[in-house]
> 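If you scroll down you'll find the structure; I have some questions about it.
Since this is a predicted model, take the numbers as computed values, not measurements. In this chain, residues are counted from 1 in sequence order.
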Amino acid sequence: VEIFADRVANRGLNAQTQAESLKYKLLGGLAVRRACYGVLRFVMESGAKGAEVSVSGKVRGQRAKTQKFADGYMIKTGHTYEEYVDTAVRHVMMRQG
């Protein structure tokens, strides 16, 4: 078994690294809105045309909901979405109460 690891060229444009960054910000106790807007700002400063961060679950209170934070131009459907948009999902077990 051979394992090769290489550094990401532009981590601001990589969805996996930004999802991990958001995950550790949330686990560190940073407020959800502040963490999402920080990630969004970093992505846009890295040269992205648009970005969207979505957080769902019990963010505040007992009722679960989805919060979306978006900036710039974002394609959401079609072949161009499959070709050009990078997506990542991370699950975070937050403390309750």
> So, taking the atom named CG in Leu13 and the one named CD in Gln18, what distance separates them when rounded to the nearest 0.5 Å?
8.5 Å
> Are any non-hydrogen side-chain atoms of Val59 and Gln67 less than 4.5 angstrom apart?
yes
> I'd like to check Lys58 versus Arg63 (side-chain heavy atoms, cut-off strictly below 4.5 Å). Are they in contact?
no
> Can you confirm whether more than 12 heavy atoms, excluding those of Arg33, are under 6.0 Å from its CZ atom?
no
> Same hydrophobic cluster for Val92 and Leu22, using side-chain heavy-atom links shorter than 4.5 Å among ILVMFWY?
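Result: yes, single cluster for both.
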> Do the non-hydrogen side-chain atoms of Thr80 and Glu82 ever get within less than 4.5 Å of each other?
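Thr80 vs Glu82: side chains apart.
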> Between Met44 and Val53, is there shared hydrophobic-cluster membership here, with clusters defined by ILVMFWY side-chain heavy atoms closer than 4.5 Å?
no
> Report whether Leu30 and Leu40 are members of the same hydrophobic cluster (ILVMFWY, side-chain heavy atoms less than 4.5 Å apart, transitive linking).
no
> Assess the residue pair Lys25 and Arg34 against the criterion (side-chain contact (heavy atoms from CB on, under 4.5 Å)); give the C-alpha distance rounded to whole Å, side-chain angles, the decisive distance to 0.1 Å, and a yes or no.
CA-CA 9 Å; Lys25 284 182 180 184; Arg34 185 178 173 120; over 6 Å; no
> If I take atom OG from residue Ser46 and atom CG from residue Asn10, how far apart are they, to the nearest 0.5 angstrom?
5.0 Å
> Tell me if a side-chain donor or acceptor on Asp86 pairs with a main-chain N or O of Asn14 at a distance below 3.5 Å.
no
> Is there a side-chain contact between Val85 and Met74, using heavy atoms and a 4.5 Å cut-off?
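Yes, close enough: below the 4.5 Å cut-off.
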> So do the side chains of Tyr81 and Thr87 get within less than 4.5 Å of each other, counting heavy atoms only?
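SC-SC contact between Tyr81 and Thr87 confirmed.
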> Do Phe69 and Glu52 touch side chain to side chain, with heavy atoms closer than 4.5 Å?
no
> Between Thr17 and Arg11 (side chain of the first, backbone of the second, donor and acceptor by atom type, cut-off under 3.5 Å), is there such a pair?
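It does hold such a pair.
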